[in-house]
Amino acid sequence: MKSVVVFNSRKKYGGGLGNIAKTLVFAFISLFSFGFILGLYFDGVGVGQQGKIPLSFLLKAQFYCGDVGDLTEVSKYLPALSESQNDSALGQWDVSFYTDEVTQANIPTFVRTMETKTGKESATVDLVKAPQKTLALTSLITDTPQVLIYCTHTSEDYAGGGTVLDVAHGLKDDLESIYGIGTVVSDTVHDSPEWYKSYANSRQTAEQMLSQYPDAKLIIDLHRDSGVKKSVSTMEINGKPVAKTLLVVGSNLTMKHPNWEENFTTATAVGNCLSAVNGEILRGVRVQKGRYNQHLTKNAILFEVGTNLNTLDEVRGTATVLAEGINNYLATISY
């Protein structure tokens, strides 16, 4: 009897191919129904502070992102409506993706089009589908710079040419091009013509930068060391010489600096992230008696990148490691 039933079933549905088709149709209907119900839920209650997300967007996001469980987290990074847009109408949410050439990560691109009283406006947001320990998501999607860099001793140079300002711009380029982290570098010269006024001059620059970018997560004073043997300040990465770096933390030994311990915590955390990238790159986190303008914020750090005996190529390699470490540090802090 069983063999007869199997024979008749295969004859009626075209054999095994018919059963496969039925299974595929059932799976598609089940998945679509699940996505539809989930979409209704999110469309009805809204997510986070972003307001309601249309069902069509949720369904597209499910197929592109592959993990509907992440949609609540993703919604935090979608651009919120400003107060001036309260009366505007949401024209379209859409999603596509591309593969980043540097990280090889699939990056969903979310697009919002608004119909406003003055016409149309749109916002595009790139989100890296990768662990936050590797890439700082929020830095990739914000127009606000996360890292500010200036050089108190702007004229500090390296063997064969180049200055700390060149390293600052190299670090900025890596942070932005590789990790999408908005970075601002000040080109202001602080140590000329009167070197002893360097920190007084750079304090004004730091204050201006913090005033203009109050949401920045790190402000870096970038220096180079001296009086250190090159053998102590140099290592190899992939067979090439690279300069080591030192983190310097100010204290309250000579001047009022109530938050120096919090700066020490920040420097230690950054140092740990650097050491996780390369265990030899960091010469240490050193507390010294000066305050180095770090009293202006709890997120100020001072890098001594290489020494006067290192070359620009060697410290440029250091900047690449610094960029990865800073990126990983930004991924560990709350926004």
Side-chain angles (χ1 to χ4, degrees), residues 136 139-140 142-158 161-226 243 245-250 255 257 259-260 262-263 266-267 270 274 288 290-308 310 312 315-316 318-327 329-330 333:
S139 295
L140 288 168
T142 179
D143 294 329
T144 302
Q146 301 295 296
V147 178
L148 312 176
I149 307 174
Y150 67 96
C151 303
T152 293
H153 296 149
T154 320
S155 62
E156 287 181 329
D157 59 358
Y158 293 98
T163 70
V164 288
L165 197 54
D166 294 311
V167 182
H169 280 283
L171 178 56
K172 167 186 166 70
D173 291 343
D174 284 345
L175 286 170
E176 292 187 334
S177 64
I178 300 176
Y179 304 104
I181 297 172
T183 306
V184 173
V185 172
S186 171
D187 291 330
T188 303
V189 176
H190 303 110
D191 56 355
S192 178
E194 298 170 300
W195 187 88
Y196 71 93
K197 292 185 178 179
S198 299
Y199 277 101
N201 294 334
S202 66
R203 181 172 66 248
Q204 295 179 30
T205 295
E207 289 173 339
Q208 290 172 358
M209 296 179 83
L210 290 169
S211 175
Q212 187 171 357
Y213 306 106
D215 296 325
K217 303 300 183 254
L218 273 180
I219 181 165
I220 299 171
D221 187 3
L222 199 148
H223 295 248
R224 65 112 171 95
D225 209 346
S226 62
T245 190
L246 174 70
L247 275 162
V248 176
V249 180
M255 301 180 74
H257 188 357
N259 60 330
W260 77 268
E262 291 169 288
N263 272 324
T266 297
V270 173
L274 289 177
Q288 296 188 355
R291 65 179 185 180
Y292 311 114
N293 294 331
Q294 294 177 359
H295 64 292
L296 298 176
T297 176
K298 301 173 183 178
N299 300 312
I301 57 177
L302 189 156
F303 276 122
E304 298 271 8
V305 182
T307 77
N308 58 311
N310 288 112
L312 189 59
V315 293
R316 186 65 186 85
T318 313
T320 300
V321 180
L322 295 184
E324 185 174 354
I326 290 170
N327 169 71
Y329 165 74
L330 292 177
I333 61 178

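Here, residue 1 is the first one in the sequence, and each next residue gets the next number.
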Residue pair [X] / [Y]: nearest heavy atoms and the distance that separates them:
X: A168; Y: I149; result: CB-CG2, 3.8 Å
X: T163; Y: D166; result: N-OD2, 2.8 Å
X: L171; Y: A319; result: CD1-O, 3.6 Å
X: V305; Y: Y158; result: O-OH, 2.8 Å
X: V249; Y: A267; result: CG2-CB, 3.5 Å

Partners meeting salt bridge (Lys or Arg N to Asp or Glu O under 4.0 Å) with [X] (sequence neighbours left out):
X: D225; result: R283
X: D174; result: R316
X: D157; result: R224

Of all residues at least two apart in sequence or in a different chain, which pass the side chain to side chain donor-acceptor pair (under 3.5 Å) check with [X]?
X: T152; value: S202, D221
X: S186; value: T188
X: D173; value: none
X: Y292; value: Q288

Donor-acceptor pair, distance only, cut-off 3.5 Å: does the side chain of [X] make one with the backbone of [Y]?
X: T245; Y: A243; value: no
X: N327; Y: A323; value: no
X: Q294; Y: V248; value: yes
X: T266; Y: K298; value: yes
X: N259; Y: T297; value: yes
X: E304; Y: L246; value: no

*side-chain contact (heavy atoms from CB on, under 4.5 Å) partner of Y150, chosen from I219, D187, V184*: I219
*Per the side-chain contact (heavy atoms from CB on, under 4.5 Å) rule, which among V164, V270, V167 passes with F303?*
V270
Using a 4.5 Å cut-off on heavy atoms from C-beta on, say whether the side chain of [Y] contacts that of [X].
X: C151; Y: L165; result: yes
X: L247; Y: I301; result: yes
X: V147; Y: I326; result: yes
X: L218; Y: Q146; result: no
X: L148; Y: I220; result: no
X: N263; Y: H257; result: yes

*asked:* To the nearest 0.5 Å, what is the distance between OG1 on T318 and CG on N310?
replied: 7.0 Å
*With sequence neighbours left out, which residue pairs that include part of residues 175-184 fulfil the salt bridge (charged side-chain N to carboxylate O under 4.0 Å, His left out) condition?*
K172-E176
*List in chain and number order the residues that pass side chain to side chain contact (heavy atoms under 4.5 Å, CB included) with V189, two or more places apart in sequence or in another chain; answer none if no residue qualifies.*
T154, D191, S192
Could you list the donor-acceptor pairs under 3.5 angstrom formed by side chains in residues 204-213, with sequence neighbours left out?
residue	atom	partner	partner atom	Å
T205	OG1	H190	NE2	2.7

*Between E324 and Y179, does a side-chain contact (heavy atoms from CB on, under 4.5 Å) hold up when you go through it step by step?*
CA-CA 8 Å; E324 185 174 354; Y179 304 104; 3.2 Å; yes
*For H153, enumerate each residue passing the ring pair (Phe, Tyr, Trp, His ring centres under 6.0 Å) test, keeping only those at least two apart in sequence or located in another chain.*
W195, Y199, H223
